[in-house]
Every structure is written in C-alpha cells, then in structure tokens.
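A short write-up of the structure that comes next.
Chain A is the first sequence line, chain B the second, and so forth, proteins listed ahead of strands; every chain is numbered from 1. For clarity, every value in this text was computed on a predicted model and none was experimentally measured.
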Amino acid sequence: MRWTQTYIPTLREVPSEAELISHQYLLRGGYIRKLAAGVYIYLPLMQRVIEKFSRIVREEMNRAGAIEITMPVLHPAEVWQLSGRYNTVGKEQMRLKDRHEHELVLGGTHEEIVTYLLKGELKSYKQLPINLYQIQVKFRDEIRPRFGLMRGREFIMKDAYTFDADEKSFDVSYQKMVDAYFAIFKRAGLDTRKVESDTGAMGGKAAHEFMLIVDTEGGEQNLVFCDRCEYAANMEKATFREANPPALESELHPVKEVDTPQASTIEEVTALLKVEAKRLVKTLIYLGDGKPVAALIRGDRGLNLTKLKNHLGVNELEMAPPSIVEKITKCPVGFAGPIGLPNIPIIVDNEISRLRNFITGANKFEKHLINVNLGRDFKATAVADIVEAQAGEKCPLCEGYLTIKRGIEVGNTFMLGTKYSASMGAFFLDAEGNEKPFIMGSYGIGITRTPQAAIEKYHDSKGIIWPKNIAPYLVEIVPVNYEKEEHKKAAEHIYKELVNNDVDCLLDDRLDRAGVKFNDADLIGIPVRITIGEKSLKQRRVEIKYRGSDNVELVELDGVVAVVRKLLSQVN
RNA sequence: CGGGGUGUAGCGCAGCCCGGUCAGCGCGCCGCGUUUGGGACGCGGAUGUCGGAGGUUCGAAUCCUCUCACCCCGACCA
C-alpha cells in the first residue's frame with residue numbers, strides 16, 4: 001500500500017482526551033478516532049491490525065475444533081428473560097424498543113443466544129461436545145468508558161461457547177480453549193499469564209483470566225503471583241497465608257477503655273498507643289443490598305469487597321455513608337467497634353480468630369477498647385476470608401511468597417456449569433435416555449482491546465513497536481527523496497519485490513521531508529523500516545532497521561527480501 | 001449516580017474574573033518560491049452558528065438560567 005492512497009491521519013499533538021500512552025499513540029498514529037464516549041471508528045491501520053489478530057484467533061480456534069458462526073447483535077428481550085439475567089445484568093445492558101414497542105437489547109455477550117440456538121435443536125449426547133464461536137461487535141453501556149479501546153461501550157470480541165455432556169468431557173473442552181488461548185497470544189507476540197478470577201455476574205463455578213503483565217499506568221488490575229509455584233490469581237480472588245503471624249498470647253486480659261484523643265485512623269491510633277497495626281481490628285460498616293453489616297479486619301489489611309460480597313450473597317455492596325455509621329455506632333465515624341453494636345451481622349476475618357487481646361473502637365467518641373477477644377466479648381455471625389492479599393505474604397499452595405503485578409485482561413474463560421442450560425431449559429438425552437442440561441463454558445478474547453494492550457506493553461517515547469504478527473504492515477519503505485527519480489525507482493523496485501513475495505508493505509510516497517516520514521514511521525510502529533537515501537543508494541544499497549533497535553544494516557538493492565525475512569524471523 | 005473540570009478553526013490552546021477593535025495564537029490545510037537524512041523557511045491565503053437554547057444589557061465568547069456533550073476521581077465492570 002502507498003501512503004498517499006490510504007488514509008493515515010497522524011497527529012503531532014496529543015489529543016486531550018487520551019490519558020494512556022497506548023490510547024495516545026492509537027489516536028496520534030491515525031489508528032482510531034472517537035465518535036462518542038467509548039465508541040470508536042477503526043481507521044485503515046487499525047482495520048489491518050484487527051484483521052491480523054482475528055486471523056490468528058480464527059486459525060487457532062478452528063484448530064481447536066471450534067466452529068465459527070455469527071450471532072446477531074440485536075436480541076429480543078425475551079431470550080434474556082429466559083435465563084433470568086434480564087433482571088440482573090443491570091444498566092450495562094443497552095436496551096431499546098422498536099416501532100412496535102417491542103423490547104430489544106444490544107448484546108454484551110451471547111450465552112443466552114447460543115443456548116437458545118441449541119435448545120431444542122441439539123438433542124443427543126452423540127452430538128456433543130460442540131464449541132461455537134464468533135467474532136462480533138458487543139455493546140456494554142459502561143458506567144465510565146475510558147482508556148480508548150480498553151474500555152469502550154462498543155468493541156469487538158471473540159466469544160466461544162462449549163457444550164458438553166458431562167464434567168469429564170467439559171474438562172477436556174475447557175483445557176482445549178486454555179491451550180488455544182496460550183497459542184493465540186503467543187503468536188500475537190504477547191506473553192500472557194493465566195490467573196484465577198471471580199466469576200462475577202457470569203455465574204458458574206470457576207473462571208480464569210488471561211493477563212498481559214505491564215508496568216505502566218495501563219495495568220487495570222492487580223495480580224497476585226507466587227514466586228515459587230504456578231499459583232496466580234487476580235486481586236478479587238487471591239488468597240494467602242500469613243508470612244509472619246503475630247504471636248498468640250496465652251492469657252486473656254480484661255477489656256479496658258482507653259482515651260484516644262484525635263486518633264480515629266489506624267495510623268493515629270497505632271502511633272498513640274504504640275502498637276503494631278496488626279493488633280488493631282477495624283470495624284467497617286457496609287450496606288449489603290441496603291442492609292447494614294459490620295466487617296472486621298486487621299488494621300494492616302484491606303477489605304476484599306468481592307470476597308465479602310460473595311460471602312454475603314448480595315448483589316450490591318457499598319460502604320455505609322457516615323450518617324448510617326453514626327446511627328449504628330452512636331458515635332462519630334472513626335471509633336466503631338464490634339462490642340455493643342445493634343443487631344447486625346458481624347463478619348469477622350479469619351485472621352482475627354487467631355488474634356487475642358486486640359484493640360477495637362469503643363463506639364464512643366475518642367475512645368478505644370484494648371484486650372478485646374472474639375467469643376468472650378462479642379460474637380461473630382461468621383468467620384471468613386474477607387481481606388485482600390498483600391505482597392510478601394505466603395502462597396496458599398506452597399512455601400513461596402506472593403508478589404503483586406499489574407496486568408491487562410486480554411482473554412477470559414468461564415466454567416459456567418449448567419447455569420444457562422438449566423435455567424433456559426436446554427436439555428439433551430444421555431446414553432441412558434435421561435434428560436440433562438448441557439454443561440457449558442464461555443470464552444472471550446478482546447479483539448480490539450488486545451492490540452491496545454500490546455501497545456501499552458510495547459512502545460517507546462516515539463511510538464508503537466508492534467509485535468510483527470499483529471502489525472498493520474511488516475515493512476515500511478521510506479524514500480528520503482521520493483521526488484528524485486533514482487530514489488523513486490529504487491523504492492518502487494523494493495516495494496514490488498516485497499509485494500511479489502507476499503510481504504505486507506507500506507510505501508511512504510509522500511513528498512514530505514525526511515524528518516516527518518521518520519517520525520511518522522516511528523509513531524505507527526511498523527516492525528521493519530527500509531530507508532532509501534542518497535549516500536547508500538550511490539552504492540546501490542538501502543538501510544534496513546528494526547523498529548525496536550537502532551542497528552542499521554546496509555543491504556544491496558536486490559537482496560532486500562532475504563534480509564527482511566531474516567530480520568523478521570529474529571524479532572517478536 | 002455522587003464529586004471535580006472542559007466545550008473558542010482539523011489538532012493543541014489563549015481570551016472569560018474586570019462585558020465594548022477579542023475572533024486570536026501555534027501546528028495543520030491551500031498557493032508560489034527557496035529548502036530537502038529526524039516534525040524546514042519566506043511571502044500570500046482559506047477556515048469559526050465562540051457546544052445549544054433562553055435571559056440581562058445600548059452592546060455578550062465574557063454575566064445569569066436551563067440544557068447537551070466530553071474528560072478526570074469514585075461507585076461498577078459478562
């Protein structure tokens with residue numbers, strides 16, 4: 001392709017809407033333009049990236065035995081009512097009415113549709129297992145779209161759905177998708193980690209996420225890894241064992257009220273009473289589906305909202321506003337404690353059951369209680385793991401220690417069980433003639449977000465450094481003086497050679513100055529750049545360099561294809 | 001939805017407080033010329049319902065009211 005014949009509107013300045021470097025480069029490099037909040041136009045370069053990544057996804061999905069279909073984006077609300085999710089997905093679901101006042105939704109995912117498809121059609125265990133997938137636009141009315149393609153309201157996703165007759169067969173199907181995912185991301189030049197994740201609104205028994213580890217702002221999630229074994233989980237899901245548990249005191253001392261003037265935060269109280277934060281117990285008041293509940297965790301821990309939410313079995317969990325806290329504790333915020341609370345559930349973190357003579361708020365202004373003990377002084381409604389994992393704690397599985405890294409989710413896999421098949425009445429007959437619901441799995445890959453994640457990981461101060469297999473072009477030819485006849489001839493010669501050898505190639509045939517072309521080339525990030533300039537051309541040579549390094553190789557005009565091939569084979 | 005902020009030329013912004021040569025700057029764009037290996041220079045030029053509606057006023061980009069869009073923080077995230 002010639003630069004002047006396609007459309008690559010690069011920008012010199014950073015559009016004010018972009019925060020992340022990857023988002024900035026997508027805009028500046030002429031890959032995308034915003035149409036509305038979270039809604040983007042994919043320009044020619046982006047179109048090619050999508051095409052390249054989609055091809056890898058298709059090839060690996062097909063290899064794994066999945067079958068491609070295309071399901072509609074527009075769904076009748078009734079199908080969503082069948083699974084019951086119509087009432088639980090909430091405002092994320094785009095809804096509309098047609099001219100007949102018929103309720104429709106725009107699909108944010110397709111479990112219902114694919115289950116509806118197979119319900120009634122697929123009747124025998126002999127037809128199982130089956131894996132159907134599509135690459136399709138999705139709509140989610142995100143509460144706050146941001147970061148360009150990373151969290152849009154409209155985006156492209158590959159979603160696959162497996163149907164199995166029994167757990168054993170399902171395990172095989174699931175593993176096939178896991179293997180396919182690793183193969184896909186590897187081919188795309190992206191080293192991903194599989195982590196355990198919460199199942200969230202999808203339901204089902206377990207789930208994993210495929211994460212690209214990054215060290216920039218773009219990391220959307222904290223991930224917990226063991227430094228010794230394979231344990232990996234996202235923050236919502238991660239568990240741990242304490243590396244340095246406080247010594248268990250043998251004697252229980254009597255509770256005593258102490259003055260803690262102007263000390264309501266953990267820092268202030270520990271400083272005042274000269275104790276470690278791990279001897280303090282925080283009493284946090286939350287509202288679970290509107291009803292107050294107290295959560296007790298150690299002073300040095302953070303509450304894991306997802307764990308508490310799952311434990312309580314509520315849909316919504318939010319910190320209680322000060323007015324409610326004050327009503328419940330009958331004192332200003334900052335001095336809440338478990339003793340003397342009205343009749344509300346008290347959920348106590350596991351660690352506290354191993355703590356004696358600890359310190360809590362007294363439910364009195366500027367007072368705390370010392371030597372408080374669980375069981376003797378107050379009762380727990382439940383004891384559970386409700387805190388966030390922290391770096392330096394021990395792995396739940398082995399003797400290793402946990403580290404925390406930032407990652408971007410590029411794929412996910414869900415073990416759905418029979419949640420959708422059972423609720424929607426999608427049954428088959430097994431070998432004994434019994435009617436059974438399908439055992440399902442669902443598997444997503446963000447087609448538009450993955451390239452942005454790749455940019456977040458692979459870039460420098462000048463622009464993108466694409467992994468070759470998802471780059472819009474493999475080679476960019478930059479004739480420094482395209483208007484000079486010899487330069488033009490050489491450029492056209494190389495262009496033709498590469499195209500004839502099926503190397504995706506972009507020829508910068510603009511009449512701009514060299515600096516403009518070099519800067520644009522760095523910005524859009526094509527892996528190989530071939531520069532045609534005065535000095536080298538006199539020796540019938542051109543310069544070849546990889547975007548990710550400064551090494552320049554001088555190559556004979558006729559030897560370009562071979563050198564390009566070799567260079568490409570050596571880079572990510 | 002709560003808190004904060006921004007809408008002025010394709011992009012980045014100034015002007016707003018204190019109403020009156022304030023319709024401006026840089027980049028980009030068009031023309032001519034010079035230049036030509038890391039975002040050139042000169043000369044000439046085009047481009048705006050100042051987000052929208054209403055109001056105050058002799059007069060509004062500027063003050064007031066309403067409204068829409070977008071951005072940031074939080075809640076949320078199949």
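Donor-acceptor pairing under 3.5 Å is recorded for the side chains of A:D164 and A:S173. Under 3.5 Å, the side chains of A:D159 and A:Q134 contain a donor-acceptor pair of N or O atoms. Of the N and O atoms on the side chains of A:H23 and A:E456, not one donor lies less than 3.5 Å from an acceptor on the other residue.
A:A471 approaches A:P527 most closely through the heavy-atom pair CB-CD, 3.5 Å. Contact record, A:K158 with A:I135: CG-CG1, 3.8 Å, taken as the closest heavy-atom pair. Of all heavy-atom pairs spanning A:F170 and A:Y443, the tightest one is CE1-OH, 3.6 Å.
Under the side chain to side chain contact (heavy atoms under 4.5 Å, CB included) criterion, A:I67 pairs with A:L132, not counting sequence neighbours. For A:Q175, the side chain to side chain contact (heavy atoms under 4.5 Å, CB included) criterion is met by A:V178, A:D179, not counting sequence neighbours.
For A:R513 and B:U36, the shortest distance from a side-chain N or O to OP1 or OP2 is not below 4.0 Å.
Rounded to whole Å, atom P of B:A78 lies 12 Å from atom CD1 of A:I143. Between the CG atom of A:N234 and the C1' atom of B:C76 there is a distance of 15 Å, given to the nearest Å. Following rounding to the nearest Å, A:Y443 (OH) and B:A78 (P) show an atom-to-atom distance of 17 Å. To the nearest angstrom, P of B:A78 lies 10 Å from CE of A:M157. Computed from coordinates, the A:D159 CG to B:A78 P distance equals 15 Å when rounded to whole Å. Whole-Å rounding puts the A:L511 CG to B:U35 P distance at 16 Å. Separating the CZ atom of A:R85 from the P atom of B:A78 is a distance of 10 Å, rounded to the nearest angstrom. The interatomic distance linking A:D550 (CG) with B:G38 (C1') rounds to 12 Å, in whole Å.
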Pairwise N/O distances under 3.5 Å, protein to nucleotides 43-49 of chain B:
none

Dump the pairs, protein N or O against N or O of nucleotides 67-71 of chain B, anything under 3.5 Å, distances to one decimal.
| unit_1 | atom_1 | unit_2 | atom_2 | d |
| --- | --- | --- | --- | --- |
| B:C70 | OP1 | A:A37 | N | 3.1 |
| B:C70 | O3' | A:K34 | NZ | 2.9 |

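Partner assigned to B:G54 is B:C64, using Watson-Crick or G-U wobble distances below 3.5 angstrom. With both pairing distances under 3.5 Å, B:G42 is matched to B:C32 as a Watson-Crick or G-U wobble pair. Within the shown strands, nothing qualifies as a pairing partner of B:G37 under the Watson-Crick or G-U definition with both distances less than 3.5 Å. Partner assigned to B:C1 is B:G74, using Watson-Crick or G-U wobble distances below 3.5 angstrom. Nucleotide B:U6 forms a pair with B:A69, judged by Watson-Crick or G-U wobble geometry with both contacts under 3.5 Å. The partner of B:C25 is B:G12, judged by Watson-Crick or G-U wobble contacts that both fall below 3.5 Å. Here B:G48 sits opposite no nucleotide as a Watson-Crick or G-U wobble pair (both hydrogen-bonding atom distances under 3.5 Å).
Rounded to whole Å, the C1' atom of B:G10 lies 24 Å from the corresponding atom of B:G5. The C1' atoms of B:G2 and B:G55 are separated by 30 Å, rounded to the nearest whole Å. Rounded to whole Å, the P atom of B:C68 lies 27 Å from the corresponding atom of B:U57. One C1' atom belongs to B:C1, the other to B:G59, and the distance between them is 41 Å to the nearest Å. Taking the C1' atom of each, B:U62 and B:G3 are spaced 27 Å apart, rounded to whole Å. B:C41 and B:U49: their C1' atoms are spaced 37 Å apart (whole Å). With P as the reference atom, B:G38 and B:U47 are 36 Å apart, rounded to whole Å. Nucleotides B:C18 and B:C13, compared at atom P, are 26 Å apart to the nearest Å.
With hydrogens and angles left out, the side chain of A:R12 and the base of B:C11 share no donor-acceptor pair within 3.5 Å. On a pure distance criterion of 3.5 Å, a polar donor-acceptor pair joins the side chain of A:E13 and the base of B:G26.
Each of A:Q93, A:E112, A:H110, A:E103 was scored for a side chain to side chain donor-acceptor pair (under 3.5 Å) with A:H75, with one residue passing: A:H110.
As judged by a 4.0 angstrom heavy-atom cut-off over every strand, A:E318 is placed among residues making no nucleic acid contact. Contacts of A:S536 with the nucleic acid, taken as non-hydrogen atoms under 4.0 Å apart, include base atoms. Within the nucleic acid shown, A:R33 has no heavy atom closer than 4.0 Å to any nucleic acid atom. Looking at heavy-atom distances under 4.0 Å, A:D512 makes no contact with the nucleic acid at all. At a threshold of 4.0 angstrom between heavy atoms, the contacts of A:R510 with the nucleic acid are absent. Within 4.0 Å (heavy atoms only), A:E543 reaches at least one base atom of the nucleic acid. No contact: A:L35 has no heavy atom under 4.0 Å from any strand. A:D522 comes within 4.0 angstrom of a nucleotide base, judged by non-hydrogen atoms across all strands.
In this structure, A:R95 satisfies the cation-pi test against A:Y86, with its NZ or CZ atom closer than 6.0 Å to the six-membered ring centre and inside 45 degrees of the ring normal.
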Derivation of the side-chain hydrogen bond (donor to acceptor under 3.5 Å, both in side chains) call for A:D509 and A:T4 | CA-CA 6 Å; A:D509 59 345; A:T4 58; 2.6 Å; yes
Carefully, step by step, assess A:Y420 and A:R85 under the rule side-chain hydrogen bond (donor to acceptor under 3.5 Å, both in side chains).
-> CA-CA 9 Å; A:Y420 297 91; A:R85 259 209 297 189; 3.2 Å; yes
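Nearer the 5' end of RNA chain B, as judged by each residue's closest nucleotide, is the contact made by A:V14, out of A:V14 and A:R140.
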Table please: side-chain donor-acceptor pairs of residues 286-295 of chain A below 3.5 Å, with sequence neighbours left out.
| unit_1 | atom_1 | unit_2 | atom_2 | d |
| --- | --- | --- | --- | --- |
| A:D289 | OD1 | A:N315 | N | 3.2 |
| A:D289 | OD1 | A:E316 | N | 2.8 |
| A:D289 | OD2 | A:N315 | N | 3.3 |

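Listed for the A:E476 side chain is no donor-acceptor partner under 3.5 Å among the backbone atoms of A:I526.
Classification of the A:F185-A:Y181 ring pair by plane angle, with boundaries at 30° and 60°, yields perpendicular.
The side chain of A:R529 approaches B:G38 more closely than any other nucleotide in the set B:G38, B:G12, B:C77. The side chain of A:P15 lies closest to B:G12 when the candidates are B:G38, B:U35, B:G12.
The stretch residues 474-495 of chain A comes close to RNA chain B through A:V480, A:N481, A:E483, each having a heavy atom under 4.0 Å from the strand.
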